[in-house]
Engineer: 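Mind having a look at this structure? Questions to follow.
Below, read A as the first sequence line, B as the second, and so on, with proteins coming before strands; counting in each chain starts at 1.
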2 protein chains.
Amino acid sequence: MHPRIIDTLKRSQLSVTDSRKKILELFLQRKAALAHADIEQHSGDEFDRVTIYRTLQTFVEKGILHTIPSADNSVRYALCKDACTEGHHHDNHVHFMCDVCGTTYCLDHVTVPAVQLPAGYQVHQLDLVASGTCIKCQ
Amino acid sequence: MHPRIIDTLKRSQLSVTDSRKKILELFLQRKAALAHADIEQHSGDEFDRVTIYRTLQTFVEKGILHTIPSADNSVRYALCKDACTEGHHHDNHVHFMCDVCGTTYCLDHVTVPAVQLPAGYQVHQLDLVASGTCIKCQ
DNA sequence: AATATTTTGCAACAAAGTTGCATTTGTGTA
DNA sequence: TACACAAATGCAACTTTGTTGCAAAATATT
C-alpha cells in the first residue's frame with residue numbers, strides 16, 4: 001500500500017476504510033484520470049457501486065480529487081496535485097484527453113493562461129481541456 | 001419563425017421537419033446554451049425524447065451546434081457562430097458557466113489562447129470553460 | 001400524384017445515478 | 001481490550017438518462 005494513503009485520509013478527517021484505501025491507491029498507481037466506470041472495473045466486485053459514487057464525491061469535497069469536464073457525459077477524476085502532502089491546492093492546470101485511447105492526463109506543468117473576459121463576468125475557475133492524439137497513440 | 005431556419009436545414013441537406021424547426025428556433029431565440037433536459041422542458045410533450053437526442057446529434061454532426069464540456073455530467077449545446085450563414089466554422093471561443101443560475105454562455109469574442117503542450121501531444125481541439133458568477137447574478 | 005427516402009414515435013432495453021435504512025466497520029475513550 | 005458512539009457500507013428500490021430496432025408517418029423526388 002502506498003505510504004501516503006493513511007495520511008491523506010486522516011488529514012481530511014475521513015475514516016480509513018477499505019474502499020477509500022483501495023480507490024485512493026488506484027489513483028496513486030495510475031497517473032491518468034479515472035471515470036466512475038473505470039474504478040468500478042478495476043475494483044471488481046469488491047465494492048458496491050453506491051460506495052464508489054459516495055467515495056468519489058467525498059474525495060472531491062475534501063479536495064483530494066478534482067473533476068475534469070468532458071463533452072462526452074463522463075466526468076473524469078484525478079488526484080489534486082500535492083493532495084497527499086499539502087491538502088487542497090488550486091492550480092488550474094491543463095488537461096489532455098486522447099481521442100484514440102480515451103486516456104485523460106493532467107498536465108500539471110502547463111498552466112491555463114489568463115483570459116480577459118467581458119466586464120461583469122466573475123471567474124472562479126478556469127478549465128482548459130485539450131483533446132487530440134497522445135504520445136502513445138501517434 | 002426565424003427566417004434562417006429553413007435555409008440552415010437545407011444547406012445541411014436535412015429534411016425540414018417540425019422538431020428540427022422548433023429546436024433550431026429555441027437556440028436562435030435564446031442566446032445561452034441548452035442541455036438536452038432544457039429542450040425537453042421547453043418543447044413540452046411535443047416531441048419524443050428520442051427525437052430530441054437524434055436531432056441534437058444530427059445538428060452536431062452537421063456543424064449547426066457544438067457541444068460544451070461540463071463537469072456536472074450534462075453536456076450543453078450551442079449554435080455554432082455563423083452556422084446560419086456560412087456553415088460550420090471552427091473558432092474556439094471561450095465558454096462561461098454561471099455557478100448561480102446555471103446559464104452557459106458562448107463568449108464569441110473571447111478566443112482561447114494558444115498553449116504550449118509537452119512534446120508528443122497533438123492537439124485537435126481546445127476547450128476553455130470559465131465558471132463563476134455571470135452578469136445577471138452579481 | 002406516386003414512389004422513394006428520411007424521420008419520427010413507440011416499446012423495450014441498458015446504463016448511470018440517487019435515496020433510505022439496516023448492518024457493519026471504524027474511532028475515541030475508559 | 002472492551003465499550004459506546006459515530007461513520008461508512010451494502011442492499012434494495014427507484015429515477016433519470018441514453019440507446020436500438022422497427023413500423024408508421026412525414027418529407028423529398030420524379
Engineer: Which of residues 46-54 of chain A have a heavy atom under 4.0 Å from DNA chain C?
Structural biologist: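 Heavy-atom cutoff 4.0 Å gives A/R49, A/V50, A/Y53, A/R54.
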Engineer: How many angstroms lie between CD in B/Q125 and NE2 in B/H66, if you round to the nearest 0.5 Å?
Structural biologist: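 The NE2 atom of B/H66 is 9.5 Å from CD of B/Q125, to the nearest 0.5 Å.
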Engineer: Give the table of side-chain donor-acceptor pairs shorter than 3.5 Å for residues 46-55 of chain B, with sequence neighbours excluded, one pair per line with atom names and distance.
Structural biologist:
from	atom 1	to	atom 2	distance (Å)
B/E46	OE1	B/K22	NZ	2.9
B/D48	OD2	B/V50	N	2.9
B/T55	OG1	B/T51	O	2.7

Engineer: Going 5' to 3' along DNA chain C, which are the first and last nucleotides with any atom under 4.0 Å from a heavy atom of chain B?
Structural biologist: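 Boundary nucleotides touching chain B, in 5' to 3' order, are C/dT6 to C/dG17.
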Engineer: Within the structure provided, determine whether B/K21 and B/I6 are in side-chain contact (heavy-atom separation under 4.5 Å).
Structural biologist: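 The answer is yes; the side chains approach within 4.5 Å.
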Engineer: Mind calculating the distance between CG (A/D72) and C1' (D/dT19) to the nearest angstrom?
Structural biologist: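 Taking atom C1' of D/dT19 as the reference, CG of A/D72 is at 16 Å.
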Engineer: At what distance, to the nearest 0.5 angstrom, does CD1 of B/I23 lie from CG of B/L56?
Structural biologist: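 Spacing of CD1 (B/I23) from CG (B/L56) equals 5.5 Å.
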Engineer: Taking for each residue the nucleotide of DNA chain D with the nearest heavy atom, is it B/D18 or B/N73 whose nucleotide lies nearer the 5' end?
Structural biologist: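 It is B/N73, whose closest nucleotide lies nearer the 5' terminus.
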Engineer: To the nearest 0.5 Å, what is the distance between OG on A/S74 and CD1 on A/I68?
Structural biologist: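 Here the interatomic distance stands at 10.5 Å.
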Engineer: Can you measure A/L9 atom CG to D/dT9 atom P for me and round it to whole angstrom units?
Structural biologist: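 Whole-Å distance recorded here is 10 Å.
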Engineer: Rounded to whole Å, how long is the line connecting atom CD1 of B/I39 with atom C1' of D/dG18?
Structural biologist: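 Checked: the CD1 to C1' distance equals 14 Å.
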Engineer: What's A/T58 touching, base or sugar-phosphate or nothing? Going by heavy atoms closer than 4.0 Å.
Structural biologist: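 Here A/T58 touches no strand at all.
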Engineer: Of all the heavy-atom pairs spanning A/R76 and A/G102, show the shortest one and how long it is.
Structural biologist: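 Heavy atoms of A/R76 and A/G102 come nearest at NH1-O, 3.2 Å.
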Engineer: Does the separation of the ring centres of B/Y105 and A/Y121 fall below 6.0 angstrom?
Structural biologist: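 That pair passes the under 6.0 Å test.
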Engineer: For the pair made of CD in A/Q13 and P in D/dA6, what is the distance, rounded to whole Å?
Structural biologist: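 One finds 16 Å between P of D/dA6 and CD of A/Q13, rounded.
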Engineer: Closest-nucleotide mapping onto DNA chain C: is A/Q57 or B/T17 further toward the 5' terminus? I mean the 5' end.
Structural biologist: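 In this pair, the answer is B/T17.
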Engineer: Rounded to whole Å, please give me the gap between CG in A/D45 and P in D/dG10.
Structural biologist: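 Going from CG in A/D45 over to P in D/dG10 covers 11 Å.
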Engineer: Name the nucleic acid region contacted by A/S19, choosing base, sugar-phosphate or nothing; use a 4.0 angstrom heavy-atom cut-off, strictly under.
Structural biologist: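 Sugar-phosphate contact only - A/S19 comes under 4.0 Å of backbone atoms but never of a base.
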Engineer: Rounded to the nearest Å, what distance is computed from the NE2 atom of residue A/H36 to the C1' atom of nucleotide D/dT17?
Structural biologist: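 Spelled out: NE2 on A/H36 to C1' on D/dT17 is 15 Å.
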Engineer: Can you tell me the distance, in whole Å, between the CZ atom of A/R20 and the P atom of D/dG10?
Structural biologist: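 The distance from CZ of A/R20 to P of D/dG10 comes to 11 Å, rounded to the nearest Å.
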Engineer: Just how large is the angle between the end axes of the helix from C/dA1-D/dT30 to C/dA30-D/dT1, five pairs per end, to 10 degrees?
Structural biologist: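 The value is 40°.
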Engineer: On DNA chain D, does the nearest nucleotide to B/L14 precede the nearest nucleotide to A/L14 from the 5' side, or the other way round? Give the residue.
Structural biologist: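 By nearest-heavy-atom nucleotide position, the 5'-most residue is A/L14.
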Engineer: Measure the shortest side-chain to side-chain distance between A/H93 and A/L107 over non-hydrogen atoms and say whether it is less than 4.5 angstrom.
Structural biologist: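 Result no, sub-4.5 Å side-chain heavy-atom pair not found.
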Engineer: By the side chain to side chain donor-acceptor pair (under 3.5 Å) test, which pairs, at least two apart or in different chains, include something from residues 27-41 of chain B?
Structural biologist: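 Those involving residues 27-41 of chain B are B/H36-B/E40.
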Engineer: Kindly work out whether a path of hydrophobic side-chain contacts (I/L/V/M/F/W/Y, heavy atoms less than 4.5 Å apart) joins A/V129 to B/V112.
Structural biologist: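 No, separate clusters.
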Engineer: What side chain to side chain donor-acceptor pair (under 3.5 Å) pairs are there with at least one residue in residues 128-138 of chain B, not counting sequence neighbours?
Structural biologist: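 Sorted result for residues 128-138 of chain B: empty, none.
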Engineer: Would a 4.5 Å heavy-atom cut-off, applied to side chains only, mark A/L128 and A/P113 as touching?
Structural biologist: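 When only atoms from C-beta onward are counted, A/P113 and A/L128 do touch, with a gap below 4.5 Å.
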